[in-house]
Protein chains: 2
Amino acid sequence: MTMSNTGGRRRPPTIHDVAREAGVSRGTVSRVLNGGHYVSPAAQEAVNAAIRKTGYVVNRHARSLITGRSDSIGFLLTEPQERFFEDPNFNVLLRGCTQALASHDVPLLLMLAGTEDERRRITRYITAGHVDGVLLVSSHSGDPVAEELREAGVPLVACGKPMGLGAKVSYVAADDRDGAKDMVRHLLSQGRRRIGVVTGPLDTPGGVERLAGYKEVLSEAGIEIDEKLVVPGDYSRASGEAGAERLLAQAADIDAVFVASDLMAQGVLTALQRAGRRVPEDVAVGGFDDSPAATAVSPALTTIRQPWDRISNEMVRVLLAQIGGEDPAAVILPTELVKRDST
Amino acid sequence: MTMSNTGGRRRPPTIHDVAREAGVSRGTVSRVLNGGHYVSPAAQEAVNAAIRKTGYVVNRHARSLITGRSDSIGFLLTEPQERFFEDPNFNVLLRGCTQALASHDVPLLLMLAGTEDERRRITRYITAGHVDGVLLVSSHSGDPVAEELREAGVPLVACGKPMGLGAKVSYVAADDRDGAKDMVRHLLSQGRRRIGVVTGPLDTPGGVERLAGYKEVLSEAGIEIDEKLVVPGDYSRASGEAGAERLLAQAADIDAVFVASDLMAQGVLTALQRAGRRVPEDVAVGGFDDSPAATAVSPALTTIRQPWDRISNEMVRVLLAQIGGEDPAAVILPTELVKRDST
DNA sequence: CCGGCGTCTGTGAGCGTTCACAGTAGAGAA
DNA sequence: TTCTCTACTGTGAACGCTCACAGACGCCGG
């Protein structure tokens, strides 16, 4: 039973205790804690030993008070709750970002802005400086929160290119157009010629690009775009189901559908099977995202994989860089065709 | 252009600025901020006006430094990531807790412990006092994290009764047994007699209780329990599908299945339909949870609603009470039968 | 021997808040 | 009047850390 142990038993050890234990000053301990520059190897060693011995953990509040940073970041989702409940992509992204941040020892604050009230509260919270930066996920266009945060100068990285925010905000996105092209080429290579499309929301760059990829490949193949084959969706399962029904009604002779999200593709599958069309024999279905939903259905979806791990890692990297003073950046990541049973 | 405005333009206003603006002392401002006891109405008024005028927001780090509280809580999910990706119940709970906490102005830190490494890191983070308490979601038994946290004296509230932690940890749960009984009675009332069951994990109280409810009602109705009608599951969709197949193989004459989770019920539906059984004509299917999954399938699931909103609210209430010094508590909430198309 | 430089270390100040305490004023009781 | 009690207010002193600064030491070139 040592003095140092008995003495400060009840309350956690401070940097002061570590300094005393290691026989150095607070300043030296602090320097070791923050990168260890200008510290002799001997002191370095002694401090680390003292930290282990005392079980010291830095008091983040004291640190933040003086640095002005909170060393935490917000994950902001501005989607209606139904979307959050039905689309597992959010979970994948959430997990990826949590993991990426954990390796930097930065906690993630979850902010769900489903209602106007929450939106306001969250905006206030963020602009008050309670987080150093924000990872933004919002599939819909013209997000007022994003605009406010940008104006307030809060470091911000969006998932997917945001609409109408100019080049001022960073984003990380998959190569939507390229992915769409791959899928449509794949459908073509299977001999499909009457290829319908259920688009994403066309007020978002992602939705527009995926449709553009579809049209581009068909044109290159010398197939004229039939507007009856193009029906709008909003990424929700219900809109996929409705889209497929509309497609079936407008163009009963389709032999394939390119669906701009896996969740919508689930709906498409449901509608197709209800209409007695076999997948993939009668109609091939290609999705987009490679969300967990893709393998939860039967037949398992052929889809375009968005590299979620890389997307989350890049979002975190770009955000931390921006917090460190760097300029906003846009990162486009390649996609990959995943062949399964629906084509 | 007033002096007070021009002076402190760059950096946010402090409690001191507010005090000067209002013509009172820091202490008085602080008292207003924390409930306003022992403050004259006039001072109260002046301080509030000054806060509005200066746009003051409390510096949480300074506050935490002295109070020793972090005024934030952790939401800890100790599930493999596949479970997190496929089960929308987590999202519902996450949203409920976020919302409940927001009304207390307490941020939620998301902690996903999928791997052993993360488990360790998170435990260290929590026991270091970086959060005041933890909302725990972990469907599997014998969770080492929970045990460690309990031993460290961290305020903890679990969702669902945790296995083997004794009465020492708070939890909020729906009345599993009662819900199961309602469902089986409902099945009985529809004239079903050969009722199979796909159970939840039987190393958790929830799984055990739901099965117990099933057996209890059948016994009361004078129907002998046929063990061929009881197959195990683990709440995952895949286990539901496998369970239904096994049921079909062991007891082809079933006319109903009580499934211990909606997600498994999705799998059951898939297997049943693949086997050519019509739902609900040939076989009725009853789920449990009323998860978003229940209405995403066809036919829409008859299920037992867990009152998620109340569950999250209670979890937060109990946790905050416990942080405030109260004793651990157990809350059991009533369920409700939701009749849809699968029975 | 001096001066300068680069490496390393200790020290005081201060970040913005809360808390304990001391103190004031006014009302009511003795 | 004087004393006590209650309602309210102001004032240091922390909380645990980082940062700027000053100083010590060894080494080099003049």
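Numbered from 1 within each chain, the chains take letters A, B, ... in sequence-line order.
One can place CG of B/Asn59 at 6 Å from C1' of C/dG16, the figure rounded to the nearest angstrom. For A/His37 and D/dC19, the NE2 to P distance is 13 Å, given to the nearest whole Å. Atom P of nucleotide C/dT17 and atom CZ of B/Arg60 are separated by 12 Å, given to the nearest angstrom. We find that CD of A/Gln44 is positioned 14 Å from C1' of C/dT9, with the value rounded to whole Å. Remark: C1' of C/dC19 and CG of B/Leu65 are 13 Å apart, rounded to the nearest angstrom. Computed from coordinates, the B/His16 NE2 to C/dG16 C1' distance equals 11 Å when rounded to whole Å. Going from atom NE2 of B/His130 over to atom P of D/dC17 covers 10 Å, rounded to whole Å. The distance between atom CZ of A/Arg69 and atom P of D/dC17, rounded to the nearest whole Å, is 15 Å.
When the side-chain nitrogen and oxygen atoms of A/Tyr38 are compared with OP1 and OP2 of C/dC8, none of them lie within a distance under 4.0 Å. At the phosphate of D/dT9, OP1 or OP2 sits under 4.0 Å from a side-chain N or O atom of B/Ser40. Taking only side-chain nitrogens and oxygens, B/Thr67 never comes nearer than 4.0 Å to OP1 or OP2 of C/dT18. Residue A/Ser25 places no side-chain N or O under 4.0 Å from the OP1 or OP2 atom of C/dT9.
The pair A/Arg95-B/Glu118 meets the salt-bridge criterion, with a side-chain N (NZ, NE, NH1 or NH2) lying under 4.0 Å from an Asp/Glu carboxylate O.
Applying the 3.5 Å distance criterion, the base of C/dG16 shares no donor-acceptor pair with the side chain of B/Arg11. Applying the 3.5 Å distance criterion, the base of C/dG10 shares a donor-acceptor pair with the side chain of A/Arg31. With hydrogens and angles ignored, a donor-acceptor pair closer than 3.5 Å exists between the side chain of A/Arg26 and the base of D/dT18.
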Exercise. Tell me, with the steps shown, if A/Tyr56 and A/Glu21 meet side chain to side chain contact (heavy atoms under 4.5 Å, CB included).
Key: CA-CA 11 Å; A/Tyr56 170 79; A/Glu21 178 72 38; over 6 Å; no
Practice problem: Test side chain to side chain contact (heavy atoms under 4.5 Å, CB included) on B/Val331 and B/Val318 and set out the steps. | Solution: CA-CA 9 Å; B/Val331 179; B/Val318 171; 3.9 Å; yes
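Nearest to the side-chain atoms of A/Ala62 among the listed nucleotides D/dC17, D/dC15, C/dG10 stands D/dC17. Each of C/dT18, D/dC17, C/dG16 was ranked by its minimum atom distance to the side chain of A/Thr14; first place goes to D/dC17. Looking at the side chain of A/Val39, the nearest of the listed nucleotides C/dT9, C/dT18, C/dG16 is C/dT9. Nearest nucleotide to the A/Leu33 side chain, out of C/dG16, C/dC8, D/dT18: D/dT18.
B/Asn48 places no side-chain N or O within 3.5 Å of a backbone atom of B/Glu45 that could act as its donor or acceptor partner.
Inspection of the B/Thr127 and B/Glu148 side chains reveals no N or O donor paired with an N or O acceptor under 3.5 Å.
Nearest-nucleotide positions on DNA chain C place A/Thr28 closer to the 5' end than the other of B/Asn34 and A/Thr28.
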